[in-house]
Amino acid sequence: MKGIAVTGMGIISAIGRDIEETHLSLKYGKNGISFPEILPTKHKDLPVGEIKLSNSELSELLNLPEDHSYTRAALLGIYAIKELLENSAYDQFPEDTGFISGTSIGGIDMTEKHFYDYKNNPEKRKYIQAQHPGYTTEKIAEYFGLNGMITTISTACSSSANAIMMGAQMIESGKLMRVIVGGSDCLTKFTLNGFNSLKILSTKNSRPFDNARDGLNLGEAAGYLMLEAEDCINGKTVLGRVSGYGNANDAFHQTASSENGEGAFQAISKALKKANLSTTDIDFINAHGTGTKNNDLSESVALKRIFGDKVPYFSSTKGFTGHTLGAAGAVEAIFSLLAIQKGEMFPNLNFSTEMLETGLGPVTGFQKKNINTMLSNSFGFGGNCTSLIFQRNE
Amino acid sequence: MSKIYINGISSVSPQSEDIFEEENPLVYKENTLTALDQDYKSIINSMMLRRMSKAVKMGLYCSKKALLEAEVEIPDAILVGTGQGCMQDTEKFMTNMLESEEGLLSPTSFIQSTHNTVGGQIALDLKCKGYNMTFTQNSVSFESALLDAILQMEDESTQNILVGGVDETSQEFTGFQRLDAQIKKENISNLDLYKSESSGTIISESAAFFSLAPEKKASSYAEFKDVEIINSIEISGLNSKIELFLKRNNTSVSEIDAVILGRNGDARFDHYYEELQNGMFLAKCQLGFKHLVGENNAVSSYAFWLASKILKEKQIPEIFKLNTLNCSAPGKVLIYNQYLGRNHGLILLQSL
């Protein structure tokens, strides 16, 4: 059997609080973009993919004590993994389950909230350690009683795609039998203001790959997959397989992507090679497609370099969820697995005109299509480019 | 599976890299230890240097030195462990944002605030388009990078891997660590760290990078055998965990010559180390390093540097010793580290 089996998944984002709701939103083109209501920001005019549950509402749904010290990313992560667990064959995760989580900013929501409190308010000091990403991962692990191999990857917007890749490698090498992989990132003032200072946030709903695209919308989400070795499957439903992965660095600029999309080109090439597939085997691509001028052009150029005149069907789902940063790779891995399972292509929202430079047009409406092989791209600051290939379980 | 040799090493810390040759270590009287300044200009473009935070400077400097020593131009993979990432730029952007109440902000510090800035800047400087990964899991950030090094080495086309750990301090954020008892309340001298009976430790900044390869060279330092990450464990379970780890590597406690322990003078959590010092490693040469270079999330990379040096030079400077036992021909060295009773790491190295 080719590739590593995915035997479970769980998700929460602006378009749904579980797999089913998420799927329906994708199918019926229902986006989750709104103005910030939960995030206490001044920028109420910047559209975001916000999950309309406050931290206290999330805590209540998770039956947590009032004095807990979970970050928002931890609350979202737990919420998503609870769904994964409920749909798995386990009452609780076995002791030897590994956990690799991706996040770009971890618990910095707590730092920005309590920065001025720490000095005089000892009660808030429990959040001092929360700033660092490993803390959020540990809190999630603690909730589920995971004690073993636990780590966090932080490579900006490719974090959770890298977590999936590392998890697959851990199983391939026999170091783990079972691993929960994915990522969680919440909206913060830090990231919203950061992206705003870079002038790459759109004041409208983002338009990935459109000629008139003018920036991205930030989002928040958590998405996790269970990867298991063949010996653990025992008749469980296999949702799909991670059969290829590739990671490369653009080595061009700290935040901008190169004009020739070199990093993306390398990542996709490596993923195809790993999966032992040719370009014509790819049925559908979940593109990174953030909606910024720079990313979408660079990615389009990379796609043309790889696929030539025969670029497969592709779409960016950022128009649904916003760009969920470190969680995006896992969120879109789940969308990819849904596409394979259901035989459906989810649309690239808000697209009207091909960009002049490449003339590439994404899938703009919901379509049924038999999909055996999906490519999913995740690129990030620091030149980090990761591509994953998912295949139907044969 | 191929073997993994350590062919180049470099560290920046509150102590000189010549500590094996120098008689007297540097003494600090405050509980935050900054890394010693280096001749960064000698190998980093001065235009670039001006914009770099300490973590990026230290990381890039050590990377280039380690690669130079191993005679590697461009590695196939760059793996970085950093528990707290680029805190100085994060702090700068955070305070600007909070003080201006989300006003007009310069993006520079935001751009440089992401945890993968060090890895990205190394790639940019080396023009290295290969695999690039950043781990940020508290005190096992470097161990995570080492684990990934083993995974990447399984690919037969991998010739060279650059792996390292780096963490910096910053004014406010490091200051917060004083408020939640991570840093000792009373100022102590670093050399008195192990006499301290209070909570907390001394916090520092450091970087150490290594050039790893499946090919042994005449100048190689040691062989990196294995690494293990344990997020949470009771003290009572530690012995059997270590025994299993050694067994998996076809060795046992009796074959270990020296053990490097991450004791940091925190009375709340040092009993993890004491358990081993008075138990399974009682008759072994025991070493400490945090009384010299302090504590930070990536400081186990300094222990890896120390083990590499010891195994190559076949000597253990007195200043590192926690007990009076000698070890004339160190062959196998185990590193054990944890922080605040969580994120335990085991690393095994062997002489050539």
Side-chain angles (χ1 to χ4, degrees), chain A residues 41-43 99 104 106 108 111-112 115-116 118-119 122 125-126 128-129 131-135 137-138 141-142 146-156 162 166 169-170 173 175 189-190 193-199 247-255 262-263 266 380-384, chain B residues 1 78 83-85 90 93-95 97-98 101-102 104-107 110-117 119-121 123-124 126-138 140-141 143-144 147-148 150-152 154 172-173 176-177 179-180 182 228-233 297 340 342-343:
Chain A
T41 176
K42 215 176 86 174
H43 300 293
F99 182 37
S104 66
I108 218 163
T111 312
E112 66 189 24
F115 190 87
Y116 295 117
Y118 292 145
K119 199 168 168 205
R125 291 178 189 162
K126 63 186 178 187
I128 287 175
Q129 285 196 63
Q131 179 178 336
H132 306 294
Y135 175 92
T137 308
E138 272 171 53
E142 198 178 286
L146 302 168
N147 298 321
M149 188 275 164
I150 284 157
T151 196
T152 305
I153 290 176
S154 191
T155 51
N162 281 331
M166 187 190 193
Q169 289 176 300
M170 288 293 286
S173 77
K175 288 189 181 297
K189 288 196 293 182
F190 187 87
N193 282 277
F195 280 88
N196 197 34
S197 74
L198 281 163
K199 301 190 168 52
N247 169 306
N249 196 284
D250 205 28
F252 173 73
H253 186 270
Q254 171 63 16
T255 53
E262 181 65 16
Q266 296 279 353
F381 280 11
N384 281 93
Chain B
M1 204 193 94
I78 297 172
Q84 306 199 326
T90 304
F93 192 78
M94 175 73 77
T95 48
M97 179 191 81
L98 292 174
E101 293 177 354
E102 303 183 76
L104 204 59
L105 297 161
S106 151
F110 177 70
I111 288 170
Q112 298 179 157
S113 73
T114 56
H115 280 76
N116 61 336
T117 306
Q121 289 290 320
L124 206 52
L126 301 175
K127 300 268 173 284
C128 173
K129 297 193 163 87
Y131 183 95
N132 195 299
M133 198 66 86
T134 300
F135 297 92
T136 172
Q137 184 57 51
N138 204 301
V140 292
S141 301
E143 282 80 350
S144 301
L147 178 59
D148 200 16
I150 296 176
L151 295 177
Q152 298 317 311
E154 284 177 9
E172 295 291 331
F173 290 156
F176 289 157
Q177 292 181 277
L179 297 173
D180 73 347
Q182 293 185 68
E228 177 147 341
I229 291 166
I230 309 148
N231 182 256
S232 169
I233 189 167
N297 280 174
L340 301 175
R342 294 288 292 268
N343 294 291

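Throughout, protein chains are lettered first and strands after them, A, B, ... in sequence-line order, and every chain is numbered starting at 1. Here the structure is a predicted model, which means the values were calculated and not measured.
Here the OG1 atom belonging to A:T155 is positioned 6.5 Å from the CE atom belonging to B:M133, to the nearest 0.5 angstrom. How far NE2 of A:H253 is from CD1 of B:I111: 6.0 Å, rounded to the nearest 0.5 Å. Between A:I150 atom CD1 and B:N138 atom CG the span is 12.0 Å, to the nearest 0.5 Å. Between the CD atom in B:E101 and the NZ atom in A:K189 there is a gap of 8.5 Å [rounded to 0.5 Å]. Expressed to the nearest 0.5 Å, how far CG of B:D148 lies from CD of A:Q169 amounts to 6.5 Å. Between atom NZ of residue A:K119 and atom CG of residue B:L179 there is a gap of 8.5 Å, rounded to the nearest 0.5 Å.
By the 4.5 Å heavy-atom criterion applied to side chains, A:I153 and B:F135 are counted as neighbours. B:D180 is not listed as a side-chain neighbour of A:Y118, based on a closest heavy-atom distance of 4.5 Å or more. With contacts defined as side-chain heavy-atom distances shorter than 4.5 Å, the pair A:Q129/B:Q182 qualifies. Taking 4.5 Å as the limit, every side-chain heavy atom of A:L146 sits out of range of all side-chain heavy atoms of B:N231. The shortest distance between side-chain heavy atoms of A:N249 and B:I78 does not fall below 4.5 Å. Between A:Q254 and B:T117, some side-chain heavy-atom pair lies under the 4.5 Å cut-off. Side-chain contact check for A:M149 versus B:L147: some heavy-atom pair is nearer than 4.5 Å. Side chains of B:E102 and A:N196 form no contact here, defined as non-hydrogen atoms less than 4.5 Å apart.
Ranked by heavy-atom pairs under 4.5 Å with chain B, the list A:A141, A:A248, A:G380, A:S104 is led by A:A248. Between chain B and the options A:T111, A:N384, A:T255, A:D250, the largest number of non-hydrogen pairs under 4.5 Å is found for A:N384. Comparing A:E262, A:K199, A:K175, A:Q131 by heavy-atom pairs within less than 4.5 Å of chain B, the highest count is held by A:Q131. Per-residue heavy-atom pair counts under 4.5 Å with chain A were compared for B:T136, B:T90, B:I150, and the maximum is reached by B:T136. Here A:F115 is the residue among A:F115, A:F381, A:F99 with the most heavy-atom pairs under 4.5 Å with chain B. Among the candidates A:P133, A:G382, A:G383, the residue making the largest number of heavy-atom pairs closer than 4.5 Å to chain B is A:P133. Between chain A and the residues B:G120, B:G130, B:G83, B:S144, the most heavy-atom pairs under 4.5 angstrom are made by B:G130. The greatest number of non-hydrogen atom pairs below 4.5 Å with chain B, out of A:M166, A:K126, A:Q266, is found for A:M166.
Heavy atoms closer than 4.5 Å to chain A are found in the side chain of B:M97, but not in its backbone. Of the two parts of B:S141, neither the backbone nor the side chain holds a non-hydrogen atom closer than 4.5 Å to a non-hydrogen atom of chain A. With a threshold of 4.5 angstrom between heavy atoms, B:Q84 approaches chain A through its backbone and through its side chain. Only the side chain of B:L340 has a heavy atom closer than 4.5 Å to any heavy atom of chain A. Heavy-atom distances place the side chain of B:T114, and not its backbone, under 4.5 Å from chain A. The contact between B:N343 and chain A is made entirely by side chain atoms (from C-beta outward), counting heavy-atom distances below 4.5 Å.
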Next item on the list: Evaluate the side chain to side chain contact (heavy atoms under 4.5 Å, CB included) criterion for residues B:L151 and A:M170: first the C-alpha distance (whole Å), next the side-chain angles of each, then the deciding distance (0.1 Å), finally the verdict.
Entry: CA-CA 7 Å; B:L151 295 177; A:M170 288 293 286; 3.7 Å; yes

Which is it for A:N193 and B:F110 under the side chain to side chain contact (heavy atoms under 4.5 Å, CB included) test, yes or no, and what are the steps along the way? CA-CA 9 Å; A:N193 282 277; B:F110 177 70; over 6 Å; no

For A:T152 and B:H115, what are the C-alpha separation, side-chain angles and deciding distance, and is it a side chain to side chain contact (heavy atoms under 4.5 Å, CB included)?
CA-CA 11 Å; A:T152 305; B:H115 280 76; over 6 Å; no

- Item | Test log, rule side chain to side chain contact (heavy atoms under 4.5 Å, CB included), inputs B:N132 and A:N247 | CA-CA 7 Å; B:N132 195 299; A:N247 169 306; 4.3 Å; yes

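Side-chain N/O atoms of A:E138 and B:Q137 include a donor and acceptor closer than 3.5 Å.
Under the 4.0 Å criterion applied to side-chain N and carboxylate O atoms, A:E142 and B:R342 are assigned as salt-bridge partners.
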